[in-house]
2 protein chains.
Amino acid sequence: MHDVAAHAGVSRGTVSRALNGTGYVSAEARARIEAAIAEVGYVRNNAARNLVMRKTWAIGFVVHEPHQLFLEDPNIGGILLGTNAVVAEADHQLVVLVVDSDDDAARVSSYLRGGFVDGAVLVSARSHDQVADAVEEIRLPAAFVGHPEGRPAIPYVGIDNRAAARTLTTRLRDTGRRRIGMLASALDRDSGADRLAGFRDALGPRFDEHLVVADPLYSYHAGVSTMTELLRRAPDVDGVFAASDAVAAGAIEALRSAGRTVPDDVGVVGFDDSAWALRCNPPLSTVHQPAAEMGRAAARLVLEQLEGRTPESVTLPTDVVWRDSA
Amino acid sequence: MHDVAAHAGVSRGTVSRALNGTGYVSAEARARIEAAIAEVGYVRNNAARNLVMRKTWAIGFVVHEPHQLFLEDPNIGGILLGTNAVVAEADHQLVVLVVDSDDDAARVSSYLRGGFVDGAVLVSARSHDQVADAVEEIRLPAAFVGHPEGRPAIPYVGIDNRAAARTLTTRLRDTGRRRIGMLASALDRDSGADRLAGFRDALGPRFDEHLVVADPLYSYHAGVSTMTELLRRAPDVDGVFAASDAVAAGAIEALRSAGRTVPDDVGVVGFDDSAWALRCNPPLSTVHQPAAEMGRAAARLVLEQLEGRTPESVTLPTDVVWRDSA
DNA sequence: TTGAAAGCGTTACCAG
DNA sequence: CTGGTAACGCTTTCAA
């Protein structure tokens, strides 16, 4: 920059102002500076710039469990693209950080603490999590995609689980299913409780507590066991709302074992539109997550904090995709 | 750091040496410094550190065409994980840069030029590419995953296309196929030419040039048109080596239109083990790319350049996965 | 084994 | 509108 200033016959201060478009610079000086920059082949040193500005112009995008997510979850890519679009628009750079082991968690945490980024989007973090701890402790502007419990300080982007569950269940009912059960999961979490609430909403007076079987986990195995139990309680069940696609996949397996066909004997719906949904036979009717929009919303949440505001969490509507399982 | 030094009763220089484990620091001083760090809650300012060290301890991972890759390609996740593992091991941080538009390409290029990273892994870059231009121009230590033409200055991690094609074709022959054709693609590129060479190797004297139909592109549509042409030339064809899974998918469609069944009438094999492979009906026999190992190798290539060496490009062996299409 | 001091390349304030 | 100057927080000689 010193050289540029010399070539242009101005001072470093003027070059800096010209570069940043801040303060006054005469058109003539600006022209000479631009010529000098080209001539000298100048590129600005960002370490120095970051040092004095106390900003890095970078936003972290932290992904946990990448084995699962990067390789299988079709939502993660959309979230990433959405976040990237908004962050780029704001002239920041998105830095994707992969947490693939405990070592990685430690490394990423210290990376965040190290001031390498001005903010962070946290995807699918668990509540008790080294990375989230670091974010909270250093008060790094951040947002979750998803809604971990017990992190009131960090806003999140969630989806309207209750409305989606309601839509799904209503359709199940409207397509002639008479005995509709639910395989609930994670009732101690918002997502699980809301999905049950939506199910209940849709059935109204016809809701029968007896037809809800719960399990703590959103897993394939949970689906197998809860479906088995549901069949025991109500052999004439003809519709099932599973709290996630994985649960639905397990349920379909259990139904097959019990000699029922899907969707003829029993209609099954899932939740998430994850990789399970298309892998199932028949493919699942399920709730599609607006991945890109979730990513964009999370990015906006972080950017707003960078501007000094304290935005509220966001809840996004979802689409239901009807495939063959119901 | 000033405060730490004061609390510990030493100078800043000593604190710095203690922190970096460089130079001499007495055990006593080190203990006092550590206590002071905890007391003050010190975390080092990396912008300042990077400024003086002229290093960022970050490696870029540049992904092009993410719509395609992030959402569909099962290899990209594995490559990312492999690269991350090696880079993390070397105490660097992987920074994933997504190129999703021309604007992104410009932004990522200037990010690389801006000295935010010490090196970069380039995934699936096209040869004529703004990002690769930038990398070459500023001589950033880098490595390609894949083998773009015309970038001799940048080493790459490729796979042994010829050997894989040989294996695939041999197996096709050994399972009783008598009239084996090839749907070749991109013969002007290494990958395309090598796959044809391997095909030729395997058939030896039985190779019949007449049964090779070529197209410039590795695409589904290329598969449809070349398969149609192959059927015209040799209606009795009973084995087909398609140069990619997408081509194979197109070929299967063309065969179906022509009333042939796969694999009974005609055995089909693809290449890449991409998302097409499992989506096809029947699922494709194809060549699986060692994604994680490719990522690791690319990371090593970059790290070695950081140490001042000039490593050679790497060619990795592949596995053939036999599914139902042949 | 330690301390002092000289940068590293910017930005930002303050006179002019 | 512009130039000078003081930080920004660290590493790294060089003496002691």
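A note on names: the letters A, B, ... follow the listed sequences, proteins ahead of strands, and every chain is numbered from 1.
When distances run from any side-chain atom of A:Y24 to the nucleotides C:dC8, D:dT2, D:dT11, the shortest one goes to D:dT2.
Position along DNA chain C of the nearest nucleotide to B:A48 versus B:E28 favours B:E28 as the more 5'-ward residue. In terms of position along DNA chain D, the nucleotide closest to A:T14 lies nearer the 5' end than the nucleotide closest to the other residue of the pair B:G13 and A:T14.
Put simply, the side chain of B:R17 and the base of D:dT12 share no donor and acceptor less than 3.5 Å apart. Side chain A:R54 to base D:dG9: no donor-acceptor pair is found below 3.5 Å.
Looking at B:E89 and A:R107, no side-chain N of the basic residue comes within less than 4.0 Å of a carboxylate O on the acidic one, giving no salt bridge. Between A:D118 and A:R54 no salt bridge is recorded (no basic side-chain N to carboxylate O distance below 4.0 Å).
Within the model, atoms CG of B:L19 and CZ of B:R49 stand 8.0 Å from one another, a figure rounded to the nearest 0.5 Å.
Residue B:G9 is classed as a sugar-phosphate contact, given heavy-atom separations below 4.0 Å to backbone atoms only. Among the protein residues, A:A29 comes within range of the sugar-phosphate backbone only, with heavy atoms under 4.0 Å from sugar or phosphate atoms but none that close to a base.
When every heavy atom of A:Q289 is checked against every heavy atom of A:M294, the shortest pair comes out as OE1-SD, 3.8 Å.
To the nearest angstrom, P of C:dG9 lies 17 Å from CG of A:N20.
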